[in-house]
Q: 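Structure in structure tokens, see below.
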Amino acid sequence: MIDIKFLRENLETLRTSLENRRATVDLDAILTIDSARRTVLHEMEQLRAEQNRASEEIARLKRDKQDATPQMEAMKSVSARIKELDEEVRGADAALLDQLLVIPNLPDASVPVGADESANRLERAWGEPREFDFEPKDHVDLGAALGILDFERAAKIAGSRFCLSRGQGARLERALINFFLDTHTREHGYTEVLPPFMANSDSLRGTGNLPKFKEDLFSIGNEGKDLYLIPTAEVPVTNIYRDEILREEELPIKYVAYSPCFRSEAGSYGKDTRGMIRQHQFNKVELVKFTTPETSFEELEQLTRNAETILKKLELPYRVVTLCTGDMGFGSAKTYDIEVWVPGQKTYREISSCTNFTDFQARRANIRFRRGKKPEFVHTLNGSGLAVGRTVVAILENYQQSDGSVVIPEALRPYMDGAERILPPG
RNA sequence: GGAGAGGUGGCCGAGUGGUUGAAGGCGGCGGCCUCGAAAGCCGUUGUAUCGCUUUGCGGUACCGCGAGUUCGAAUCUCGCCCUCUCCGCCA
């Protein structure tokens with residue numbers, strides 16, 4: 001969320017940044033509501049002060065066994081007026097919040113300005129895409145031939161955009177989750193967290209998923225419950241400290257969490273309809289950090305490197321791009337996408353998105369820390385470390401052999417009972 | 001799901017409709033004492049927002065959340081949320 005004070009004082013900066021993001025927000029309407037609200041609030045507070053003074057006077061008279069009826073009568077109209085003004089202020093508060101909640105974060109100065117992904121900036125690439133001496137298959141054909149991925153049965157059970165893994169396929173998925181968690185906890189100093197896989201609307205508002213992106217979520221409001229399936233572990237993990245004040249010495253806090261992720265993505269039909277790239281349910285290991293404001297961008301670099309480490313260990317070619325202003329997410333100040341080489345599509349596909357939200361989520365979720373007298377908002381960051389389903393895609397397609405088998409990356413073999421290959425049945 | 005108890009500051013815990021932003025304690029901070037520390041003693045200690053003469057002063061709000069009663073609510077009424085105990089159900 002954007003600070004209303006910042007909005008008042010940096011109107012033109014904000015206007016430019018919203019243009020760069022291709023977001024349309026009526027800032028003047030917000031300012032009008034804000035100034036009207038402050039006028040009414042001021043009048044109400046003066047009446048309240050008068051009421052408090054009268055109230056003390058009445059208490060004093062009553063203690064002295066004197067008649068306070070005239071004072072009490074006089075306060076009736078004041079009380080009624082306060083009630084009116086109070087309703088006006090509440091209305092303005094709600095209107096203001098509605099507006100502020102749909103303003104995206106300001107991009108950092110280092111973010112390239114541009115309309116779409118063509119303006120994203122390549123930061124670095126690692127590994128050489130493999131030269132195949134045969135026509136590589138995509139993971140759907142490979143998975144079907146190996147008997148480890150079954151999209152048809154999944155569709156029967158739950159519909160399109162679900163996947164059923166079996167045998168070595170299910171084992172591979174579980175191995176990856178453990179490998180990711182072990183790497184980040186043992187080598188990168190993250191603390192493992194296993195959060196609820198459902199969250200309430202306060203939590204989703206805190207991370208920025210609500211109110212603007214409701215259509216991307218599966219809600220389970222049966223029996224009047226205010227609950228959603230989480231779209232990412234970012235939601236429950238970031239909300240661990242909602243409405244809390246941390247101590248400066250505790251920062252940075254680094255959490256890693258496995259969770260399944262549930263996404264409705266109502267607007268995505270027609271995109272990536274084949275295979276595991278875009279699913280209603282997928283597994284992900286997520287990295288989340290809470291930091292002081294001045295260290296967050298350095299922490300973003302480290303978090304991104306932490307995610308890259310996984311791809312290096314798995315020996316999968318990848319590149320890192322900085323998303324431009326028009327392509328970055330709603331709450332982001334800066335995002336690096338890590339894209340893995342996918343031979344079946346002969347392209348790089350996002351496998352991790354690492355973001356510094358600065359104080360955007362912290363302000364929404366009211367997550368603060370104290371180092372002087374005044375509490376300050378922390379900065380929050382997160383990134384996939386990694387998306388598990390897409391890693392399965394990358395492994396199957398990059399490690400496929402001409403005989404239809406798939407070699408298991410060496411780093412993963414200890415998690416697969418030492419198996420070196422996934423072989424076709426029979 | 002049923003019955004009961006409860007939700008008060010960073011934490012614990014008092015609180016009779018009227019100087020209660022809230023006793024007391026713990027913790028924190030400052031000081032005295034000490035070679036130093038502990039103990040002891042003294043002082044201090046929330047958040048948000050607005051205004052001003054801006055190291056400060058003043059106004060307003062905040063006792064789980066929301067509505068109501070009242071001149072006035074932490075305190076009374078209603079609804080909701082959450083926690084605990086017991087019973088039921090259940091992996």
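In the text below, chain A, chain B and the rest are named by the order of the sequence lines, each starting its count at 1.
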Q: Quick one: Asn52(A) CG to G18(B) C1', roughly how many Å, whole number?
A: 12 Å

Q: If you count heavy atoms of other groups shown closer than 6.0 angstrom to NZ of Lys312(A), is the number above 12?
A: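 Atom NZ in Lys312(A) is packed in, count exceeds 12.
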
Q: Whole-Å distance between C71(B) P and Met75(A) CE?
A: 12 Å

Q: Side chain of His42(A), heavy atoms from C-beta onward: which of G72(B), C50(B), G18(B) has the nearest atom to it?
A: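 Comparing G72(B), C50(B), G18(B) against the side chain of His42(A), the answer is C50(B).
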
Q: Do Gln51(A) and G72(B) have a side chain to base donor-acceptor pair shorter than 3.5 Å?
A: no

Q: Looking only at atom types and distance, does a side-chain atom of Ser259(A) sit under 3.5 Å from a main-chain N or O of Phe197(A), one as donor and one as acceptor?
A: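 Here the side-chain-to-backbone pair does not exist.
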
Q: Roughly how many Å is it from CD in Glu249(A) to C1' in G28(B), rounded to a whole number?
A: 11 Å

Q: What's the CD1-P distance between Ile4(A) and A48(B), to the nearest Å?
A: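 Rounded to whole Å, this separation is 17 Å.
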
Q: Give RNA chain B the dot-bracket treatment, 5' to 3': Watson-Crick (N1-N3 with N6-O4 or O6-N4) or G-U (N1-O2, O6-N3) under 3.5 Å, [ ] crossing, | other strand.
A: ((((((((.[[[..)..(.....]]]((((((.......))))))(((((((...))))))).[[[[[..)....]]]]])))))))....

Q: Using atom P in both nucleotides, what's the gap between U8(B) and U83(B) to the nearest angstrom?
A: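 U8(B) and U83(B) have their P atoms separated by 14 Å.
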
Q: Provide the distance between the two P atoms, one in A37(B) and one in G28(B), to the nearest whole Å.
A: 15 Å

Q: What integer number of Å spans the C1' atoms of A5(B) and C62(B)?
A: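 The answer is 26 Å between these two C1' atoms.
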
Q: Round to the nearest Å and state the distance from Asp86(A) atom CG to G72(B) atom C1'.
A: 15 Å

Q: Say we look at C42(B) and G46(B): how far apart would their C1' atoms be, to the nearest angstrom?
A: 23 Å

Q: Send over the distance from Arg371(A) CZ to C29(B) P, rounded to a whole Å.
A: 18 Å

Q: Starting at CD of Glu50(A) and ending at P of C71(B), how long is that distance when rounded to a whole Å?
A: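 Interatomic distance, CD of Glu50(A) to P of C71(B): 16 Å.
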
Q: Round to a whole Å and report the spacing from CG of Leu41(A) to P of U49(B).
A: 12 Å

